[in-house]
Amino acid sequence: MGLRRRELLIGLAGAGGLTLAGCGRDREPAPPPKPAVLRFEPALDARDVDARQPGRVTVTDGALRSVEWIDETGRPLPGALSADQRTWTSAEPLGYGHTYTAKAVAHGETGDITATANCATVVPDRLVDVSLRSATMVELAENDTYGVGLVLVAHFAEPVDRVTAETQLKVITEPAVPGSWFWLDDQNAHWRPERYYAAGSRVTVAAELFGVPLGGGAYGLRDQRVSVLIGPARVAIADDNTKMIDVFENGNLVRTMPTSMGMGGSAVVGGRLLSFWTRPGTYTVLDRQNPVIMDSSSYGLPVNSRLGYKTSIDHAVRISHDGIFVHALAESMWAQGNTNVSHGCLNLSPADAAWFYDFIGTGDVVEVRNTGGEPLDIWQNGDWSMPWPDWLRGSARA
């Protein structure tokens, strides 16, 4: 009797369990509808916003219906919706000194929602521009051709924070070569590779300065980018031991020319020490003039003094910022190849000077070897004369 009762209780418990299990399959309640959520970048009431930043609106759990982004003058900021209608991005950066009001409408599961935001961008004390040049101090021109000794120059309109500015100066070479910036002062930075470029290279320099704080309340005016080509490898080697200039193109000797270089020595004129050496070092071609008026008073030597002069010279190739030229001078042909008689220039015969003038170009190299006097200084166009470890120390990020 006890056994049957226990079996019955177990059976009832089992049956009840099965019944409860069958009745427990209730459906979960449906989730509530999600409203669309709008987000603005810059955020609501943002101030001193980066001028480079674009305006952006994004929606979660919905799709954008419309976006208006209006500046203080009533001008709408152009922009476009993404393909999935979840993001709107302005087609231009927000810029300097603007106050914007943004309004967006989005549709979600609960219907349309509208949201607004406003922001203000940074107001610079002043804007600073940069000129991208070669060592000639003439601005680079897109797709122009320069020699393998091209030196890039970034000249800022006023002093800037070197580290910040250098970070925004980019140089790309094809093929790639190691290179670095060297700051002469807070307004002028020069860039060159460790060795001459390969013939046929392309060099691109970019200054990404718009929106960038450059120190003292100044900001960059604009972005710039220019790309130039490197021509054949033309290198002239003037050796004072031989009094000859050997001219090479792509490693091949194409002409040898007798020359007469600086007579040497120095003189104090008007309290200023003047040197008459052709300084040793690596120069690059700055420009060519035919003819050029050479006036010794331009570097402190009066025309009416014993060594002074003012004369017209043909086929003059300038290689330094302080007046050193490779040029024609028939009067010194007797000395060319054997004696130095010039004030510092490299004299050639009229025929050789005319050939060299036509052959050589901006950025081509003139190496002066075995002369006396102080080594060529960087301010004279002696960028390539500086040893590479010293050049690297001139970087703001060194």
Could you tell me whether a side-chain N or O of [X] sits under 3.5 Å from a main-chain N or O of [Y], the two making a donor and an acceptor?
X      : Y      : value
Asp45  : Cys119 : no
Ser342 : Asn347 : no
Asn290 : His315 : yes
Ser260 : Ala335 : no
Gln224 : Val130 : yes
Ser134 : Val151 : no
Trp183 : Asn188 : no
Asn370 : Asn241 : no
Thr121 : Ala51  : no
Ser201 : Ala198 : yes

Over 12 foreign heavy atoms within 6.0 Å of [atom1], [X]:
X      : atom1 : result
Lys103 : NZ    : no
Glu374 : CD    : no
Arg47  : CZ    : yes

In terms of side-chain heavy atoms, does [X] have a donor or acceptor partner in [Y] at a distance below 3.5 Å?
X      : Y      : value
Arg133 : Ser131 : yes
Gln187 : His155 : no
Gln336 : Ser332 : yes

Which value, rounded to the nearest 0.5 Å, describes the distance between [X] atom [atom1] and [Y] atom [atom2]?
X      : Y      : atom1 : atom2 : value
Leu229 : Glu142 : CG    : CD    : 8.5 Å
Asp383 : Trp191 : CG    : CH2   : 12.0 Å
Gln380 : Ile319 : CD    : CD1   : 10.5 Å

Check ion pair [X]-[Y] (N to O, under 4.0 angstrom):
X      : Y      : result
Arg65  : Asp112 : yes
Lys170 : Glu208 : yes
Arg279 : Asp377 : no
Asp223 : Arg52  : yes
Arg318 : Asp287 : yes
Glu174 : Arg202 : no

Compute the ring centroids of Tyr146 and Tyr197, then answer whether they are less than 6.0 Å apart.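 Ring-ring flag for Tyr146/Tyr197: false, centres at least 6.0 Å apart.
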
Would you call the rings of [X] and [Y] parallel, tilted or perpendicular, where under 30° means parallel and over 60° means perpendicular?
X      : Y      : value
Trp384 : Tyr196 : perpendicular
His343 : Phe276 : perpendicular
Trp391 : Trp388 : parallel

Are any of the side-chain heavy atoms of [X] and [Y] separated by less than 4.5 Å?
X      : Y      : value
Thr99  : Asn118 : no
Asp352 : Arg255 : yes
Val57  : Arg39  : no
Asp239 : Met244 : no
Asn340 : Asp240 : yes

Derivation and outcome, salt bridge (charged side-chain N to carboxylate O under 4.0 Å, His left out), residues Arg234 and Glu249: CA-CA 5 Å; Arg234 290 174 175 165; Glu249 182 176 57; 2.7 Å; yes

Take Val49 and Val122 through the side chain to side chain contact (heavy atoms under 4.5 Å, CB included) test and state the conclusion after the steps. CA-CA 5 Å; Val49 172; Val122 66; over 6 Å; no

Going by side chain to side chain contact (heavy atoms under 4.5 Å, CB included), Trp355 matches just one of Val247, Ile360, Leu348. Which one?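 Among the candidates, only Val247 passes.
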
With sequence neighbours excluded, what pairs up with Asp84 under the side-chain hydrogen bond (donor to acceptor under 3.5 Å, both in side chains) test?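 By the side-chain hydrogen bond (donor to acceptor under 3.5 Å, both in side chains) rule, Asp84 matches Ser82.
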
Quick check on the hydrophobic clustering: are [X] and [Y] connected, directly or via other members, by side-chain heavy-atom contacts under 4.5 Å?
X      : Y      : result
Val128 : Leu221 : no
Val160 : Leu127 : no
Ile324 : Val235 : no

List the steps, then state whether ring pair (Phe, Tyr, Trp, His ring centres under 6.0 Å) holds for Phe210 with Tyr96. CA-CA 9 Å; Phe210 178 75; Tyr96 291 120; 5.0 Å; yes

